[in-house]
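Report on the following structure.
Note that the structure is predicted; figures quoted are calculated from it, not measured. Basis for what follows: all heavy atoms, side chains included, without hydrogens, waters or symmetry-related copies.
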Amino acid sequence: MFVTNLNKDNNSEMSLMLDISGFEALFQVNYQSLCASSFRIVQDKDIAEDIVQDVFYRLWEKRDSLIITSSLKAYLFQSTINQSLNYIKKYKNALKREDLYGSETMEDVNDVEQAMALKEVNQRVEAAVKALPEACRMVFILSRYDQLSYKEIASKLDISVKTVEGQMSKALKHLRSWLLTGLSLINLFFF
């Protein structure tokens, strides 16, 4: 049976002295009501049970040095409530950290992956443009990089607008096939 030491000092504190059978009886009598109290706070049965078991574990561990200033039952309920509130506080802080750092990390990873993919695409475009025949390359560069109209390109290169259209069509067809092959490789690499 559990025994509270009857040696009281001026603050009416009591030392707690428990034997194993008294501790088991204390556990059996209070376990369900303590779990219910914890559950009202944490809203999870398993976590509430863990908290109550932890309260009893700490009580047993400190049984020789623990000084209780109220009733044992009040001490158990207050400890359970405090531990439940601490759990909620830690849980909310962990969620905030996860939201803050987890999302930043995923955004960073996505940004890095996108930057790498974009760099790869740019390299593929440069290689494809360099591989174009001279006339196609000149028409493509003037159209896409210098943003000249077909009429301006024709005037600058002293060729007809129809020739510019033909060279541009040929360049785009070549680039499309070159890039599709490259994008398939990129997709295999990244996804």
Side-chain angles (χ1 to χ4, degrees), residues 1-127 179-191:
M1 180 99 199
F2 66 94
V3 179
T4 49
N5 189 345
L6 299 178
N7 296 332
K8 295 183 181 180
D9 64 10
N10 295 339
N11 297 332
S12 58
E13 296 174 338
M14 293 183 289
S15 296
L16 182 66
M17 311 230 351
L18 293 174
D19 64 10
I20 192 71
S21 62
F23 183 77
E24 287 175 0
L26 182 66
F27 182 85
Q28 294 297 327
V29 168
N30 293 291
Y31 182 75
Q32 291 299 324
S33 57
L34 292 172
C35 285
S37 288
S38 181
F39 179 79
R40 282 192 284 278
I41 297 169
V42 299
Q43 297 295 307
D44 186 299
K45 183 180 181 264
D46 293 332
I47 292 169
E49 289 176 354
D50 288 345
I51 288 170
V52 172
Q53 289 170 11
D54 190 48
V55 166
F56 276 105
Y57 173 77
R58 290 177 187 207
L59 177 67
W60 180 256
E61 287 292 308
K62 296 179 181 183
R63 69 188 178 279
D64 295 330
S65 61
L66 191 63
I67 297 175
I68 299 176
T69 58
S70 61
S71 73
L72 188 53
K73 188 170 187 168
Y75 172 81
L76 289 171
F77 273 93
Q78 191 60 52
S79 295
T80 300
I81 290 168
N82 288 343
Q83 292 241 9
S84 299
L85 292 173
N86 286 342
Y87 171 81
I88 293 295
K89 184 178 175 183
K90 286 178 186 175
Y91 179 73
K92 284 183 180 178
N93 285 339
L95 284 178
K96 284 180 187 176
R97 279 193 303 276
E98 185 178 309
D99 286 346
L100 179 65
Y101 297 119
S103 64
E104 285 179 3
T105 303
M106 287 308 294
E107 287 173 7
D108 291 345
V109 167
N110 288 340
D111 289 346
V112 169
E113 286 178 353
Q114 288 175 352
M116 288 175 61
L118 185 59
K119 183 177 179 182
E120 179 69 25
V121 169
N122 284 336
Q123 289 172 345
R124 295 283 306 171
V125 168
E126 277 185 43
L179 290 175
L180 286 176
T181 305
L183 288 176
S184 297
L185 292 174
I186 290 170
N187 284 336
L188 285 174
F189 180 72
F190 284 106
F191 307 104

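Taking every heavy atom of both residues into account, A48 and F39 meet most closely at CB-N, 3.6 Å. In plain terms, the two heavy atoms of I47 and Y87 that are nearest each other are CD1-OH, 2.9 Å. Scanning all heavy atoms of the two residues, the minimum distance from Y31 to Q53 falls at OH-NE2, 3.4 Å.
Rounding to the nearest 0.5 angstrom, the gap separating the NZ atom in K73 from the OG atom in S33 is 5.5 Å. Here the CG-CG distance, from L72 to L66, works out to 8.5 Å after rounding to the nearest 0.5 Å. One distance of note links CZ of F23 with CD of Q28; it measures 10.5 Å at 0.5 Å rounding. Note: K45 NZ to E49 CD = 4.0 Å, rounded to the nearest 0.5 Å. Separating the CD atom in Q43 from the OG atom in S38 is a distance of 10.0 Å, to the nearest 0.5 Å. With values rounded to the nearest 0.5 angstrom, T80 atom OG1 is found 11.0 Å from L85 atom CG.
In terms of modelled atom types and a separation under 3.5 Å, the side chain of S79 and the main chain of L76 share no donor-acceptor contact.
Of the residues L34, D50, V52, D54, the one that meets the side-chain contact (heavy atoms from CB on, under 4.5 Å) test with Q83 is D54. None of V42, N82, N86, I41 except one satisfies the side-chain contact (heavy atoms from CB on, under 4.5 Å) rule with I51; the exception is V42.
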